[in-house]
S.K.: 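This is the structure I have questions about; it appears just below.
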Amino acid sequence: MSHTINHLKKLRLQRSELAVPGSSPEMIDKAANSAADFVFLDIEDAVAPPDKERARKNIIQALNDIDWRAKGKTVSVRINGLDTHYMYRDVVDVMEQAGDRLDTILVPKVGVPADLYMVEAMVNQIEMAKGFKTRVGLEALIETALGMANVEAIAATPGRLEAMHFGVADYAASNKARTVNIGGLNPDYPGDQWHFALSRMTVACRAYGLRAIDGPFGDFSDPEGYKAAARRAAALGIEGKWAIHPSQIALANDVFSPPEKEVTRARRILEVLKEAEALGKGAAALDGKMIDAASERMARNVLVVNEAIERAGQLVSEQKPQAAQ
């Protein structure tokens, strides 16, 4: 192992991330009571220009009126891009009026590390001015050719950055790629045309202690297509995926939750290796397969996710009696 180790900056359960337009208070209310781990309230692509100011106000009200944490939700706001005149007001208004109720800000179309520096500087100043004790994290949406070309440098950005997302729709547009469905596969390509981008972003995330999240799958009438895309992402090390429709929440939660047999095997790996260590051995055999220190690290990854899922479930259960009173 290198002497340089970047540990995970922030552990958050993020199997499913529900995208909710800020222009719809009804959808925001439903999102708060959904089974999604993460909810991002959107002021960017899902909101038409004439509705952005109203969407921003709706989001601020929802952040203040709904106890997202009591509902077991991590809540984020996707601001508008730095190339628009909406972005500064998104950050200022949301942070000043609800910054102590917010978990992360999702920054779209991040192209260079300086994009995050600008947002972080604003967030730093507002938190200091308002005296907020909570610390809002940043998440970078990698969805342009420029962003992917600089993804390692972006991942290495110090400070609040804690996750990166792959925005397949704008990424396809930026590369002038031919697609048939957002996040789907073009049958003319021999395999998964998004594999390289997802893999590169995931490696950058793991190298610098960030969470790696896959973006949308546009055809919400195709659950099998969604699950297939999620499984391909999970195989690379991605830990969650967007849901652009409530029906996709359960699909994401299922794919990105370790199966019980995988959890059981992970526990057995730790037990067997501990027994081997007591005998002075660095490796052992389990079910006819060799296991060693690398096996232990993989097993612990499984158990960390499983424990996070159990904690989230316990939190929701504890809140239900209170809500009924």
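The chain is numbered in sequence order, starting from 1.
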S.K.: Please determine which of Lys10, Lys9, Arg211 meets the salt bridge (charged side-chain N to carboxylate O under 4.0 Å, His left out) test together with Glu162.
M.R.: Arg211
S.K.: Knowing that exactly one of Phe166, Phe40, Phe38 qualifies, which makes a ring pair (Phe, Tyr, Trp, His ring centres under 6.0 Å) with Trp242?
M.R.: Phe40
S.K.: Output the distance between atom CD1 (Ile43) and atom CD1 (Ile59), rounded to the nearest 0.5 Å.
M.R.: 4.0 Å
S.K.: Using a strict 4.0 Å threshold on nitrogen-to-oxygen distance, state whether Arg178 and Asp188 make a salt bridge.
M.R.: no
S.K.: Tell me whether the count of non-hydrogen atoms from other residues, nucleotides or ligands lying under 6.0 Å of CD in Glu53 goes above 12.
M.R.: no
S.K.: Report all side-chain donor-acceptor pairs from residues 98-108 shorter than 3.5 Å, counting only partners two or more places apart or in another chain.
M.R.:
from   : atom 1 : to     : atom 2 : distance (Å)
Arg101 : NE     : Leu63  : O      : 3.0
Arg101 : NH2    : Asn64  : O      : 3.4
Arg101 : NH2    : Ile66  : O      : 3.1
Asp103 : OD1    : Arg69  : NE     : 3.3
Asp103 : OD1    : Arg69  : NH2    : 3.2
Asp103 : OD2    : Val75  : N      : 2.9
Thr104 : OG1    : Ser76  : OG     : 2.8
Thr104 : OG1    : Glu139 : OE1    : 2.6

S.K.: Side-chain heavy atoms nearer than 4.5 Å, only ILVMFWY residues, links allowed to pass through others: does that put Tyr226 and Ile182 together?
M.R.: no
S.K.: Would you say Val151 and Val112 are hydrophobically clustered, going by side-chain heavy atoms of ILVMFWY under 4.5 Å?
M.R.: no
S.K.: side-chain contact (heavy atoms from CB on, under 4.5 Å) between Leu270 and Leu303: does it pass, once the steps are laid out?
M.R.: CA-CA 10 Å; Leu270 298 186; Leu303 295 179; 3.5 Å; yes
S.K.: For Asp90, run the salt bridge (charged side-chain N to carboxylate O under 4.0 Å, His left out) check against Lys52, Lys57, Arg56 and tell me which one passes.
M.R.: Arg56
S.K.: Where do Asn150 and Gly111 come nearest, in terms of heavy atoms and distance?
M.R.: ND2-O, 3.0 Å
S.K.: Determine whether Val47 and Val77 fall in the same hydrophobic cluster, where Ile, Leu, Val, Met, Phe, Trp and Tyr are linked whenever their side-chain heavy atoms lie under 4.5 Å apart.
M.R.: no
S.K.: Using 0.5 Å steps for rounding, measure from the CG atom of Asn58 to the OG atom of Ser24.
M.R.: 8.5 Å
S.K.: Taking Glu296 for its side chain and Leu273 for its backbone only, find out whether a donor-acceptor pair lies under 3.5 Å.
M.R.: no
S.K.: Of all heavy-atom pairs between Ala35 and Ser16, which one has the smallest distance, and what is that distance?
M.R.: O-OG, 4.1 Å
S.K.: Evaluate side-chain contact (heavy atoms from CB on, under 4.5 Å) for Tyr86 paired with Ile79, printing each intermediate quantity in order.
M.R.: CA-CA 8 Å; Tyr86 304 109; Ile79 60 174; over 6 Å; no
S.K.: Keeping the roles fixed (side chain from Thr264, backbone from Glu260), state whether a donor-acceptor pair exists under 3.5 Å.
M.R.: yes
S.K.: Heavy-atom count around Glu277 CD within 6.0 Å, excluding the residue itself: above 12?
M.R.: no
S.K.: Verify the cluster assignment for Ile154 and Met87: are they in a single hydrophobic cluster under the rule of side-chain heavy atoms below 4.5 Å apart?
M.R.: yes
S.K.: Per the salt bridge (charged side-chain N to carboxylate O under 4.0 Å, His left out) rule, which among Arg135, Lys133, Arg160 passes with Glu127?
M.R.: Arg160
S.K.: Between CD1 of Ile238 and CG of Asp214, what distance do you get to the nearest 0.5 Å?
M.R.: 5.5 Å
S.K.: If I take atom CZ from residue Arg15 and atom CG from residue Asn253, how far apart are they, to the nearest 0.5 angstrom?
M.R.: 4.0 Å
S.K.: I need the minimum non-hydrogen distance between Leu13 and Ala312, along with the two atoms involved.
M.R.: CD2-CB, 3.8 Å
S.K.: Would you mind checking if Arg268 and Asp287 are paired as a salt bridge, meaning a charged N to carboxylate O distance below 4.0 Å?
M.R.: no
S.K.: Indicate whether the side chain of Arg89 and that of Asn80 have a donor and an acceptor atom separated by less than 3.5 Å.
M.R.: no
S.K.: Starting at OG1 of Thr84, measure out to NZ of Lys109 and round the result to the nearest 0.5 Å.
M.R.: 9.5 Å
S.K.: Under 4.0 Å between a side-chain nitrogen and a carboxylate oxygen: does that hold for Lys227 and Glu224?
M.R.: yes
S.K.: Salt bridge between Glu271 and Lys274, side-chain N to carboxylate O under 4.0 Å?
M.R.: no
S.K.: Give a yes or no on whether Phe220 atom CZ has more than 12 heavy-atom contacts from other residues, nucleotides or ligands under 6.0 Å away.
M.R.: no
S.K.: Measuring from atom CG of Leu138 to atom CG of Asp115, what distance do you get when rounded to the nearest 0.5 angstrom?
M.R.: 11.5 Å
S.K.: Between Glu143 (side chain only) and Gly215 (backbone N and O only), is there a donor and an acceptor less than 3.5 Å apart?
M.R.: no
S.K.: Quick check: closest heavy atoms across Leu236 and Ser199, and the distance to 0.1 Å?
M.R.: CD1-N, 4.0 Å
